[in-house]
Undergrad: 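Shown below is the structure under consideration.
Since the model is a prediction, treat every value here as computed from it, not as a measurement.
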Amino acid sequence: MLYSEKVMDHFQNPRNLGKMDDADGIGEVGNAKCGDIMKMYIKVKDGIITDVKFNTFGCGSAIASSSMATEMIKGKSIDQALELSNKAVVEALDGLPTHKIHCSVLAEEAVKAAVKDYYDKNGITYDEQLFMPGNCPHCHE
């Protein structure tokens with residue numbers, strides 16, 4: 001089987017799907033080459049991500065990666081959310097096919113983009129290095 005049961009479950013029953021009108025931070029990332037676009041919304045209270053939603057236009061792996069990433073950062077501190085790696089998302093999904101790893105990279109970047117937006121809106125200083133885009137060998141061929 002190409003996809004794990006967890007990938008199929010998060011694709012068919014995505015968690016935290018939808019839009020958030022009063023989001024504290026919104027991150028939108030996309031990859032023109034593969035056509036996946038992710039938008040992530042976070043609600044923050046006292047440094048904790050109290051709610052998170054996403055909208056993803058893309059393949060099943062992109063939707064599953066977004067869904068899993070939102071589950072992994074909900075209820076966590078912003079610092080913990082920033083530590084979320086695409087590798088952790090892939091592991092939580094019990095693996096992704098090699099040519100779909102870039103979907104998990106997008107999920108990581110969407111979380112970071114939402115946090116960066118939250119920081120910018122609230123005048124919070126941060127280290128620019130935290131938000132440097134990752135390199136995805138499958139996206140930059």
Undergrad: Are Ile42 and Met68 linked, directly or through other ILVMFWY residues, by side chains that come within less than 4.5 angstrom of each other?
TA: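 Yes: a chain of side-chain contacts under 4.5 Å links Ile42 to Met68.
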Undergrad: Please check if the number of heavy atoms outside Lys121 that lie under 6.0 Å from its NZ is greater than 12.
TA: yes
Undergrad: Answer yes or no: is there a donor N or O on one side and an acceptor on the other, between the side chain of Asp9 and the main chain of Glu5, under 3.5 Å?
TA: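 Not confirmed, Asp9 side chain does not pair with Glu5 backbone.
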Undergrad: Report yes if the side chains of Ile48 and Lys43 come closer than 4.5 Å at any heavy-atom pair, otherwise no.
TA: no
Undergrad: Roughly how far, to the nearest 0.5 Å, is NE2 of His99 from OG of Ser61?
TA: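 One gets 7.0 Å once the value is rounded to the nearest 0.5 Å.
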Undergrad: Any heavy-atom pair between the side chains of Phe11 and Ser67 that's under 4.5 Å?
TA: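 No, too far: nothing below the 4.5 Å cut-off.
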Undergrad: Is there a path from Leu130 to Val89 through hydrophobic residues (I, L, V, M, F, W, Y) whose side chains come within less than 4.5 Å of each other?
TA: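 Leu130 clusters together with Val89.
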Undergrad: For Ala107 and Met40, work out which heavy atoms get closest and say how close.
TA: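 Minimum heavy-atom separation between Ala107 and Met40: O-CE, 4.4 Å.
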Undergrad: Hey, is Lys53 close enough to Asp21 for a salt bridge, meaning N to O under 4.0 Å?
TA: no
Undergrad: Thr50 versus Val44: any side-chain heavy-atom pair under 4.5 Å?
TA: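 In short, these two side chains do not touch, never coming nearer than 4.5 Å.
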Undergrad: So, taking the atom named NZ in Lys45 and the one named CG in Asp51, what distance separates them when rounded to the nearest 0.5 Å?
TA: 13.5 Å
Undergrad: Can you see whether Lys74 engages Asn16 through a side-chain donor-acceptor pair at a distance of less than 3.5 angstrom?
TA: yes
Undergrad: State, yes or no, whether a side-chain contact exists between Leu17 and Phe54 at a heavy-atom distance under 4.5 Å.
TA: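 Touching, per the 4.5 Å side-chain cut-off.
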Undergrad: Taking C-beta and beyond as the side chain, do Leu82 and Lys112 meet within less than 4.5 Å on heavy atoms?
TA: yes
Undergrad: I'd like to check the ring pair (Phe, Tyr, Trp, His ring centres under 6.0 Å) partners of Tyr126; sequence neighbours left out, ordered by chain and number.
TA: Tyr119, Phe131
Undergrad: Any chance you could measure Asp79, atom CG, to Lys76, atom NZ, to the nearest 0.5 Å?
TA: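 NZ of Lys76 is found 13.5 Å from CG of Asp79.
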Undergrad: Atom SG in Cys103, atom CD in Glu108: separation rounded to 0.5 Å?
TA: 13.5 Å
Undergrad: Once you round to the nearest 0.5 Å, how far does NZ of Lys39 lie from CD of Glu28?
TA: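 Lys39 NZ to Glu28 CD: 4.5 Å, rounded to 0.5 Å.
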Undergrad: Determine, using the 4.5 Å side-chain heavy-atom cutoff (strictly less than), whether Leu93 and Val52 are members of one ILVMFWY cluster.
TA: yes
Undergrad: Any chance you could measure Ser77, atom OG, to Asp46, atom CG, to the nearest 0.5 Å?
TA: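 The distance works out to 12.0 Å.
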Undergrad: Looking at side-chain heavy atoms only, is the closest gap between Thr56 and Asp36 below 4.5 Å?
TA: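 They are not in side-chain contact.
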Undergrad: Only one of Asp24, Ile78, Val111, Thr70 passes side chain to side chain contact (heavy atoms under 4.5 Å, CB included) with Ile49; say which it is.
TA: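 Checked Asp24, Ile78, Val111, Thr70 against Ile49; only one passes side chain to side chain contact (heavy atoms under 4.5 Å, CB included): Ile78.
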Undergrad: What is the minimum heavy-atom distance between Met38 and Ala110, and which atoms define it?
TA: CB-CB, 4.2 Å
Undergrad: Picking from Gln12, Lys6, His10, what satisfies side chain to side chain contact (heavy atoms under 4.5 Å, CB included) with Met8?
TA: Gln12
Undergrad: Does a side-chain heavy-atom distance below 4.5 Å link Leu106 with Glu109?
TA: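 Yes. Closest side-chain heavy atoms under 4.5 Å.
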Undergrad: Any link between Leu96 and Met72 through a network of hydrophobic side chains (Ile, Leu, Val, Met, Phe, Trp, Tyr) touching at under 4.5 Å?
TA: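 Yes; Met72 is reachable from Leu96 via cluster members.
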Undergrad: Could you please spell out the steps behind the side chain to side chain contact (heavy atoms under 4.5 Å, CB included) verdict for Met20 and Asp22?
TA: CA-CA 6 Å; Met20 191 186 293; Asp22 59 345; 3.5 Å; yes
Undergrad: Got Val90 and Ile101 here, is their nearest side-chain heavy-atom distance under 4.5 Å?
TA: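 Touching, per the 4.5 Å side-chain cut-off.
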Undergrad: Answer with yes or no whether the hydrophobic clustering places Ile73 together with Val29; edges join I, L, V, M, F, W, Y residues whose side-chain heavy atoms lie under 4.5 Å apart.
TA: no
Undergrad: Is a donor on one side and an acceptor on the other found under 3.5 Å between the side chain of Asp94 and the backbone of Ser4?
TA: no
